[in-house]
Amino acid sequence: MPTSADHPVVTRFAPSPTGYLHIGGGRTALFNWLYARGRGGKFLLRIEDTDRERSTPEATAAILRGLTWLGLDWDGDVVSQFERRDRHAEVAHQMLARGTAYKCFSTQEEIAAFRAEEEAAGRYPVFLSPWRDADPAAHPEAPYVIRMKAPRNGETVIDDKVQGQVVIRNETLDDMIVLRSDDTPTYMLAVVVDDHDMGVTHVIRGDDHLNNAARQQMVYDAMGWEVPVWAHIPLIHGPDGKKLSKRHGATGVEEYQAMGYPAAGMRNYLTRLGWAQGDAEIFTTEEAMRMFDLAGIGRAPARLDFKKLENTCGHHMAMTDDAALLHELVAYMAAAGRPPLTDTQTALMKKALPFLKKSAKTFPELIDKASFLLIDRPIAADAQAAGSLDTVSRGILKSLTPRLQSASWTKDALEAILTQAAAENGLGFGKLAAPLRAAIAGRSVTPSVYDMMLVIGQDETVARLKDASE
RNA sequence: GGCCCGUUCGUCUAUCGGUUAGGACACCAGGUUUUCAACCUGGGAAGAGGGGUUCGACUCCCCUACGGGCUGCCA
């Protein structure tokens with residue numbers, strides 16, 4: 001059996017535009033992208049929009065947005081399967097000419113009746129068309145479909161890089177329809193024709209297509225085309241092990257974007273979900289491209305684990321360089337409908353990012369930790385922070401302001417001043433830190449007081465302490 | 001119903017006949033500390049069940065159970 005293993009790699013992602021980009025679809029796209037990009041190959045995108053009833057341009061746009069956010073870029077133009085319908089019909093007629101397909105005049109009613117009858121009798125309904133070997137001279141003037149003339153005996157072997165050799169007995173497969181009575185192609189024909197014409201060498205897709213692969217391989221054989229390398233990956237399940245659905249929470253890629261997970265962390269997590277290479281856990285996208293292979297893909301469905309997702313994203317927050325992180329933060333804020341950062345806030349954020357990013361896992365968390373630099377005087381203290389601003393504390397803050405005013409604004413100098421002030425008042429530094437937090441950030445939970453003071457600067461710090469001490 | 005796929009700590013997984021079954025997340029305990037985190041150290045935690053094959057099975061085969069997929073003029 002020929003494979004395309006020796007050619008330059010061409011993979012594709014082929015979603016049907018009937019909704020948003022599902023997280024499982026996102027991972028399938030990621031695997032295809034990683035595989036191609038890691039081998040200098042091409043990653044193509046095709047929209048399977050032959051079902052005119054269910055396909056919408058909005059869904060296509062949503063899928064493209066999701067892929068773009070995930071950072072998965074595709075080569076060339078997006079292919080519309082629907083627009084290739086003439087080519088599909090052409091191939092169907094070539095099959096007719098080659099004798100590997102035939103016209104079937106059975107009506108849908110006849111077939112439905114047959115199925116109902118078989119099922120009632122407790123049998124497996126494999127519809128065998130009476131037209132398979134009919135004399136063309138006996139063909140009526142009536143609408144017909146074109147059916148593949150599938151082998152009736154023997155078996156079809158799918159050599160799958162993930163599932164191994166899968167053997168399907170041909171007698172369990174019926175003669176699938178390749179061209180409908182309205183001359184539109186069915187999925188089974190369209191995928192094969194498109195994958196062939198687009199030069200796809202590796203088909204990496206959900207294992208819900210595993211059985212289909214047998215039928216599709218028959219089309220390749222019927223046309224004398226080279227069969228691609230198959231890799232059917234397991235679907236993603238919800239935390240309870242059931243098929244991932246809406247009741248598990250977020251299923252759309254864009255929902256994860258809205259929750260503020262960084263795209264690089266999302267890619268890392270998704271790559272590790274169902275794929276592994278040794279003990280590698282946290283890696284950059286470049287490393288993932290180098291490491292990713294088909295052999296490392298697991299055969300069992302994986303469950304989504306939000307805790308691990310968060311942890312992975314936390315690592316990536318810390319790993320990302322400040323400029324790129326700021327860029328992504330700004331994009332997140334815009335997408336989340338938050339007001340954009342002012343120039344001043346941007347400048348402060350740049351100074352704060354080096355320490356903020358070390359502990360944040362998501363953008364909302366990052367923004368929350370940055371709250372001290374986003375607010376303006378006078379600072380409104382929340383209930384708990386206000387509680388630490390008692391008379392004594394305010395007195396201490398008041399005595400502190402002149403000293404801070406004349407201090408050199410370095411961490412060492414500030415540390416010396418604050419430690420000394422705490423000692424003078426017979427307090428541990430912890431006791432002094434609370435009112436400082438309240439004065440500077442209006443909160444009881446904040447980043448390090450030194451870090452905050454260094455970011456907002458001397459004048460602003462003194463002003464906030466003065467405000468709080470009055 | 002039939003066919004196909006799957007099943008290692010709670011979760012993601014390593015192991016490709018011989019290991020005290022490893023790592024990560026989560027969890028628990030301790031440490032560090034200026035709050036929350038982060039960070040450091042330690043700990044508990046797994047081969048679905050039953051048969052084979054083999055000197056030896058998580059690993060190979062069979063059965064059962066459970067989960068998933070396909071069984072459309074949907075993709």
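In this text, all values refer to a predicted model and were calculated from it rather than measured experimentally.
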Can you find a donor-acceptor N/O pair under 3.5 angstrom joining the side chain of A/T186 to the base of B/rC73?
no
Do A/S444 side-chain and B/rU35 base share a donor-acceptor contact under 3.5 Å?
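Check fails, no donor-acceptor contact within cut-off.
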Close residues, residues 361-371 of chain A, relative to RNA chain B [heavy-atom separation under 4.0 Å]:
A/K361, A/K369
Is there a side-chain polar atom (N or O) of A/T446 under 4.0 Å from OP1 or OP2 of B/rU35?
no
Using a 4.0 Å heavy-atom cut-off, does [X] contact any base of the nucleic acid, only the sugar-phosphate backbone, or nothing at all?
X      : value
A/H237 : sugar-phosphate
A/S55  : nothing
A/E53  : nothing
A/S16  : sugar-phosphate

Which letter, B, S or -, goes with each nucleotide of nucleotides 4-12 of chain B from 5' to 3', with contact meaning a protein heavy atom under 4.0 Å?
SSSS---BB
Quick one: pull up CG in A/L210 and NE2 in A/H232 and give me the separation to the nearest 0.5 Å.
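Here the rounded value is 5.5 Å.
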Taking only the side-chain heavy atoms of A/V445 (C-beta and beyond), determine which of B/rU35, B/rA26, B/rA75 contains the nearest atom.
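Minimum distance to the A/V445 side chain belongs to B/rU35.
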Can you list everything that forms a ring-ring contact (aromatic ring centres under 6.0 Å, His included) with A/Y269? Sequence neighbours excluded, please.
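None.
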